[in-house]
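Structure record follows, encoded as structure tokens.
As a basis for the values below, the full set of heavy atoms in this structure was taken, side chains included, without hydrogen atoms, waters or symmetry mates. A note on names: the letters A, B, ... follow the listed sequences, proteins ahead of strands, and every chain is numbered from 1.
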Number of protein chains: 2
Amino acid sequence: MVRTVFEKSDAIALVAEVFRELGYEGASMSHITARTKLSKGSLYHFFPGGKEQMAAEIMAHIDAWFVTEMFKPLEDDEPRAAIARMWQTTDSYFRSGLRVCLIGAFALDETRDRFPAAIRGYFHRWIDALAGALVKAGLPGAEAKTLAEEAVVGIQGALTLARALGDDAIFGRTLARLSQTVESALG
Amino acid sequence: MVRTVFEKSDAIALVAEVFRELGYEGASMSHITARTKLSKGSLYHFFPGGKEQMAAEIMAHIDAWFVTEMFKPLEDDEPRAAIARMWQTTDSYFRSGLRVCLIGAFALDETRDRFPAAIRGYFHRWIDALAGALVKAGLPGAEAKTLAEEAVVGIQGALTLARALGDDAIFGRTLARLSQTVESALG
DNA sequence: GACCTTCTAAACCGATCAGTCTATTAAGAA
DNA sequence: TTCTTAATAGACTGATCGGTTTAGAAGGTC
């Protein structure tokens with residue numbers, strides 16, 4: 001029999017895409033094995049805790065990526081440049097609306113009750129990091145918080161509508177509108 | 001054995017709440033029977049087509065409600081008053097953020113591929129009805145379309161974040177902000 | 001009462017679920 | 001080479017899945 005060797009990081013990325021497309025409950029082990037070409041032996045070798053561990057590690061992986069690529073830059077770099085790069089990073093991460101937000105999708109059904117802290121933390125830190133950058137760029141705290149919330153709300157809503165309408169253009173339009181709103185607030 | 005008699009409209013409303021909380025895949029027949037107190041016999045009597053028919057009829061029911069309560073008023077009534085009532089209707093329908101949008105949740109996973117027309121139609125008509133009212137209220141077509149899209153995107157995003165953060169206040173804040181934006185656009 | 005239709009209850013079915021186990025393979029250490 | 005260990009393939013298990021069927025209860029009509 002043919003034997004393929006995987007790295008755990010490959011496994012995380014592959015399984016993540018299955019959860020992203022099918023949701024937590026919709027992603028059965030047979031779906032996962034079929035779509036990833038990882039056998040059950042491999043999956044339970046990497047994730048002895050089964051589906052729940054897979055989802056937890058995937059969320060941690062996503063979280064770490066966002067911290068490095070978006071939240072840290074928003075906190076540490078020059079705020080206007082970091083915010084400008086945030087729109088680009090967001091657009092490419094979500095493939096211009098073709099890829100949904102796994103954490104957002106988990107939030108909408110009972111999967112939320114399995115990972116409440118991870119879900120809450122992800123969005124909380126995104127809003128806080130953006131609000132912090134807006135404050136550093138000169139906005140009052142309250143306005144910064146409102147604007148940051150508006151941005152993350154808009155991104156999530158645009159992802160939902162892009163999938164619902166089968167029209168990814170709405171995602172680009174929303175990002176453009178949000179960045180425009182932020183820029184005019186910054187003056 | 002004790003026998004309880006249900007109406008089909010009761011069945012639709014009860015099953016709808018289960019799908020809303022658990023999602024399409026997450027809502028197994030045993031979950032549905034347990035939470036609704038409807039036996040399998042009753043469920044398959046009302047919905048011979050099983051889960052798929054349940055979901056289809058629930059979506060049709062939701063759609064009809066929105067047409068009567070929101071889309072028709074937006075099309076037929078005085079536009080500013082209809083838009084003002086839309087915010088209230090939206091707030092009460094989604095129970096100020098405690099209740100998710102079933103159609104939006106379906107859009108995010110593969111459930112979308114079972115009901116693409118219903119999902120697309122729901123959001124398309126919402127945006128069009130609101131944009132139509134905005135045009136009647138005096139806005140240019142392009143601006144009306146953009147604003148209507150922004151409103152529906154914001155509502156969906158706020159529902160996602162309300163659930164993710166376990167904080168329904170964000171839903172009220174978003175509705176207030178959106179209505180403010182619309183009002184200042186109308187002058 | 002008898003009869004018929006509508007509806008409910010629950011046993012039952014094959015398929016699929018998440019998860020376990022055994023056998024085997026590849027690769028590094030000695 | 002030989003031994004050891006990490007990793008893979010896939011058969012297997014008991015539980016649960018969506019769905020079917022059978023049996024009978026409730027309510028109307030005559």
Side-chain angles (χ1 to χ4, degrees), chain A residues 1-59 61 102 105-106 109-115, chain B residues 1-59 61 102 105-106 109-115:
Chain A
M1 53 189 162
V2 184
R3 206 180 120 98
T4 318
V5 180
F6 295 92
E7 301 273 339
K8 182 162 181 178
S9 57
D10 296 335
I12 288 178
L14 288 166
V15 178
E17 289 310 305
V18 183
F19 278 124
R20 217 183 275 277
E21 287 173 39
L22 307 181
Y24 184 81
E25 294 293 342
S28 70
M29 289 304 298
S30 57
H31 279 132
I32 295 172
T33 57
R35 298 199 183 200
T36 63
K37 309 296 179 194
L38 282 144
S39 69
K40 284 193 164 193
S42 300
L43 287 168
Y44 278 93
H45 170 72
F46 288 133
F47 311 101
K51 271 180 75 173
E52 183 135 1
Q53 187 183 348
M54 293 177 206
E57 293 207 22
I58 287 164
M59 293 179 79
H61 186 261
L102 184 65
F106 280 3
D109 61 36
E110 267 214 339
T111 312
R112 171 193 59 248
D113 299 335
R114 289 178 184 265
F115 315 103
Chain B
M1 53 188 162
V2 183
R3 204 181 122 97
T4 317
V5 180
F6 294 92
E7 301 271 338
K8 182 161 181 179
S9 56
D10 297 334
I12 288 179
L14 287 166
V15 178
E17 289 312 305
V18 183
F19 277 124
R20 216 183 277 276
E21 286 172 39
L22 307 180
Y24 184 81
E25 295 293 342
S28 70
M29 287 306 297
S30 56
H31 278 132
I32 295 172
T33 56
R35 298 199 183 202
T36 63
K37 309 297 180 191
L38 281 143
S39 69
K40 282 192 164 192
S42 301
L43 287 167
Y44 278 93
H45 170 71
F46 289 132
F47 311 101
K51 270 179 77 172
E52 184 135 358
Q53 186 184 348
M54 291 175 207
E57 294 207 22
I58 287 165
M59 295 179 77
H61 185 261
L102 183 67
F106 279 4
D109 61 34
E110 266 214 341
T111 312
R112 173 192 58 249
D113 299 336
R114 289 178 185 265
F115 314 103

Practice item. Would you tell me whether B:S39 and B:S42 have side-chain atoms, one donor and one acceptor, within less than 3.5 Å of each other? Key: yes
Review point. When all nucleic acid strands are considered with a 4.0 Å heavy-atom cut-off, which category describes A:S39: base, sugar-phosphate, or nothing?
Key: base
Check your understanding: Counting distance only, does the side-chain N/O of A:Y24 pair as donor-acceptor with the main-chain N or O of A:R114 below 3.5 Å?
Key -> no
**Study point:** Which nucleotide in C:dA18, D:dA6, D:dG18 has an atom nearest any side-chain atom of B:M29
**Key:** D:dG18
Check your understanding: In whole angstrom, what separates B:D10's CG from C:dT8's C1'?
Key -> 15 Å
Check your understanding: The side chain of B:K40 lies closest to which of these nucleotides: D:dG19, D:dA6, C:dA18?
Key -> D:dG19
**Study point:** Between C1' of C:dT16 and CD1 of A:I32, the distance in whole Å
**Key:** 14 Å
Check your understanding: OP1 or OP2 of C:dT8 less than 4.0 angstrom from a side-chain nitrogen or oxygen of B:H45, does that happen here?
Key -> no
Exercise for review: Remember a base hit wins even if backbone is also touched, and classify A:A27 as base, sugar-phosphate or nothing at under 4.0 Å, heavy atoms.
Suggested key: sugar-phosphate
Exercise for review: Run through B:T33, B:L43, B:D10 and flag the one making a side-chain contact (heavy atoms from CB on, under 4.5 Å) with B:V15.
Suggested key: B:L43
Practice item. Would you mind reading off the distance between B:E25 atom CD and C:dA18 atom C1', rounded to a whole angstrom? Key: 15 Å
Exercise for review: Find the distance B:F47:CZ to C:dT8:P and express it as a whole number of Å.
Suggested key: 11 Å
Practice item. Inspect the contact between A:E21 and A:R35 and indicate whether a charged nitrogen and a carboxylate oxygen are less than 4.0 angstrom apart. Key: yes
Practice item. Would you kindly give the OH-to-P distance between A:Y44 and D:dT13, to the nearest whole Å? Key: 17 Å
Check your understanding: Would you say C:dT16 has OP1 or OP2 under 4.0 Å from some side-chain N or O of A:S28?
Key -> no
Point to revise | Most 5' of A:S30 and A:G41 on DNA chain C, judged by nearest nucleotide | key: A:S30
